[in-house]
Colleague: 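This structure is in structure tokens; I'll ask about it shortly.
Order of listing sets the numbers, starting from 1, for every ligand and every atom in it.
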Amino acid sequence: MRDIVVAKFGGSSLADKDQFIKVKEIIVSDKNRRYIIPSAPGKRHSRDHKITDLLYMCHQLATHGLNFDEVYNVVEERYRGICTGLELELNIGEALGEIKSNIKEGASKDYCGSRGEYLNGLILSNYLGFQFIDPKNLILFNDRGQLEEEKTEMLIGEKLKDVKYAVIPGFYGAKENGDIVTFSRGGSDVTGSVIANGVKASLYENWTDVSGFLMADPRIVENPKTIEVITYKELRELSYMGAPVLHEESIFPVKKHGIPINIRNTNSPEDHGTMIVDDSTTEKPRKITGIAGRKDFTVINIEKALMNEEKGFLRKAISVFETNGISIEHIPSGMDTVSVVAANTELNGKIDKIKEELRIYCNPDTITHDTNMALIAVVGRGMAKTKGISGKVFTALGNSDINVRMITQGSSKLINIIIGIDNEDFEKAMESIYRAFENE
Ligand code: ADP
Ligand code: ASP
Ligand code: MG
């Protein structure tokens, strides 16, 4: 592999002029940092707005025929402030004006959302003296809005072959007909990963506002330790269960060529951060790697005597969820019971219909539901080889007076234990599990 580093900088890393200065220092300190992926400006403080949110708001107002000038002014001011602060000669007003008239004329939601990255890319390329490359010519989506992986890999390889240094905005690409398509929220991480794969980078650096992937969410647990090394698989489990540091879809593109990801802190560049690697790591892992969780799940409990002897019972139950378009999270089961767990957002307004259909198709003895469950994933590649981990998790929860309502485990190579608890106990549970393992 060549010594090419792809570096993605998140929203808080590019929120204002001072952050841009830090970012430039980081980029120029290593000449291998060749392809730079910026997000849109994020929050400068907790009560601030993310530019992407404001742009979606403009789109929303415009679709209802309402005036969006006031919101768009805030967007304009942010970008103008950055350009003036950095003393750039770039005419950002021209791009801002063009985008505004496109929104007025009914531009799509994806187009509007993507402009935050587009504008920040123009500014960063001007500030660095790097070429600006619009990802609409690199990252290709099909008509259903899915990434065309192979074509994209080829396009990137071709178009960046002779480009030494470039800024490529994150978050979006386009269909063959030129229509802009975005990834889901937080998707600049995916752009970085797709570019790293396309140029066969030796490293994908993901610069954010924390010194790596932490063992627990720092907004819930005070001062959690940094995870030094984590595998792609563990990271996916943690991201999926609620740790937003890296978009969960960022793993697939780099996994193909085993390109490591390094999570780093723009505000503390001397910290080594977290290395995300393939499974092949040999060092001795900690007992657990990290924990993450989410609130607001519903559990539907179906009970029927001798359920286990009735062929096709589970299939019938699951097909009810399938025909209603609901993604199921877990299906813990016992002798005469099966529970189906799904996110509340999936079930919104459909729960009565689903229970009724389950009654018709499965003829259960009882069927109940509860919408108040939180899930916590305790993740670690070291778990399978270490005794007593689950004992320790449940002792910690018991000592904190927390009632465990559901337990499931990853079935192949054990790397996770999922615990269901009441929403109200979520923060206390995260804290108590973390404290039980922080020094192990
Ligand atoms: P960016 O804007 O750089 O993409 P994000 O806001 O998407 O950054 O992700 C970083 C944030 O994720 C951190 O500021 C932190 O509050 C939050 N976070 C949640 N769980 C974790 C965790 N386990 N480790 C690190 N950060 C976490
Ligand atoms: N700006 C986009 C968002 O807010 C993408 C990203 O930040 O990665 O979701
Ligand atoms: Mg992010």
Colleague: Under the 4.0 Å line, does any protein heavy atom show up next to atom 6 (O) of ligand 1?
Modeller: no
Colleague: May I ask you to list the atoms of ligand 2 that are less than 4.0 angstrom from any heavy atom of K50?
Modeller: 4 (O)
Colleague: Could you tell me whether E440 and R286 have a side-chain N and a carboxylate O separated by less than 4.0 Å?
Modeller: no
Colleague: Consider ligand 1: state whether an atom of it lies below 4.0 angstrom from any non-hydrogen atom of G186.
Modeller: no
Colleague: Quick one: nearest non-hydrogen protein atom to atom 12 (O) of ligand 1, plus distance?
Modeller: P244 CG, 3.6 Å
Colleague: Can you find a pair of side-chain heavy atoms, one from V378 and one from I433, that are under 4.5 Å apart?
Modeller: yes
Colleague: Taking all atoms of both residues into account, what is the closest heavy-atom pair of V299 and S339, and its distance?
Modeller: CG2-CB, 3.8 Å
Colleague: With atoms numbered from 1 as shown, which atoms in ligand 2 lie under 4.0 angstrom from a non-hydrogen atom of E117?
Modeller: 1 (N), 2 (C), 5 (C), 6 (C), 7 (O)
Colleague: Touching ligand 1 at all, G212? Heavy atoms, strictly under 4.0 Å?
Modeller: yes
Colleague: Among L214, I220, D209, T226, which one puts a heavy atom closest to atom 14 (O) of ligand 1?
Modeller: D209
Colleague: Please determine whether a side-chain nitrogen of the Lys or Arg among E76 and K100 lies less than 4.0 Å from a carboxylate oxygen of the Asp or Glu.
Modeller: no
Colleague: So if I count the atoms of ligand 1 from 1 in the order they appear, which ones are less than 4.0 Å from some heavy atom of F213?
Modeller: 23 (N), 24 (N)
Colleague: I want to know if ligand 2 touches D189 in the polar sense, i.e. an N/O pair below 3.5 angstrom.
Modeller: no
Colleague: Does ligand 1 have any atom that is closer than 4.0 Å to a heavy atom of K43?
Modeller: no
Colleague: In terms of residue, atom name and distance, what is the protein heavy atom nearest to atom 15 (C) of ligand 1?
Modeller: P218 CG, 3.8 Å
Colleague: Answer yes or no: does an N/O atom from K8 fall short of 3.5 Å to an N/O atom of ligand 2?
Modeller: no
Colleague: Would you say that more than 12 heavy atoms from the other residues, nucleotides or ligands in this model lie under 6.0 Å from the CZ of F252, or not?
Modeller: no
Colleague: Pick from I195, I4, L155: which one makes a side chain to side chain contact (heavy atoms under 4.5 Å, CB included) with L160?
Modeller: I195
Colleague: Between ligand 1 and G11, is the shortest N or O to N or O distance under 3.5 Å?
Modeller: yes
Colleague: If we only count N/O pairs under 3.5 Å, is T208 in contact with ligand 1?
Modeller: yes
Colleague: Please identify which atoms of ligand 2 are closer than 4.0 Å to at least one heavy atom of S39.
Modeller: 6 (C), 7 (O), 8 (O)
Colleague: Out of all atoms in ligand 2, which are within 4.0 Å of some heavy atom of R185? Include the element for each.
Modeller: 3 (C), 4 (O), 9 (O)
Colleague: For the pair K295 and E424, find out whether any cationic side-chain nitrogen is under 4.0 Å from an anionic carboxylate oxygen.
Modeller: no
Colleague: May I ask you to check whether S250 and D189 show a side-chain donor-acceptor distance below 3.5 Å?
Modeller: no
Colleague: Does G187 reach ligand 2, in the sense of a heavy atom lying below 4.0 Å from it?
Modeller: yes
Colleague: Side chains of D110 and Y172: donor-acceptor distance under 3.5 Å anywhere?
Modeller: no
Colleague: Answer yes or no: does atom CD of Q146 have more than 12 heavy-atom neighbours from other residues, nucleotides or ligands under 6.0 Å?
Modeller: yes
Colleague: Could you tell me if the side chain of F394 sits less than 4.5 Å from the side chain of I407, heavy atoms only?
Modeller: yes
Colleague: What protein heavy atom sits nearest atom 4 (O) of ligand 1, and how far away is it?
Modeller: K8 NZ, 3.1 Å
Colleague: Could you find the nearest protein heavy atom to atom 25 (C) of ligand 1 and give me its residue, atom name and distance?
Modeller: V245 CG2, 3.4 Å
Colleague: Would E431 and R435 pass as an ion pair if we require N to O under 4.0 Å?
Modeller: yes
Colleague: G186: heavy atom below 4.0 Å from ligand 2, yes or no?
Modeller: yes
Colleague: Would you mind telling me if ligand 1 is within reach of the side chain of A216, the backbone, both or neither, using heavy atoms under 4.0 Å?
Modeller: backbone
Colleague: Starting from atom 6 (C) of ligand 2, what is the nearest protein heavy atom, named by residue and atom, and what distance separates them?
Modeller: S188 OG, 3.4 Å
Colleague: Below 4.0 Å, non-hydrogen atoms only: which portion of D217 touches ligand 1? Side chain, backbone, both or neither.
Modeller: both
Colleague: Within less than 4.0 angstrom of ligand 1, does G290 place any heavy atom?
Modeller: no
Colleague: When you compare the side chain of L375 with that of M241, does any pair of heavy atoms fall below 4.5 Å?
Modeller: yes
Colleague: At under 4.0 Å between heavy atoms, is it the side chain or the backbone of R219 that contacts ligand 1, or both, or neither?
Modeller: side chain
Colleague: Do D370 and R405 make a side-chain contact, defined as non-hydrogen atoms from C-beta onward lying under 4.5 Å apart?
Modeller: yes
Colleague: With a cut-off of 6.0 Å (strictly less than), are more than 12 heavy atoms of other residues, nucleotides or ligands near NZ of K428?
Modeller: yes
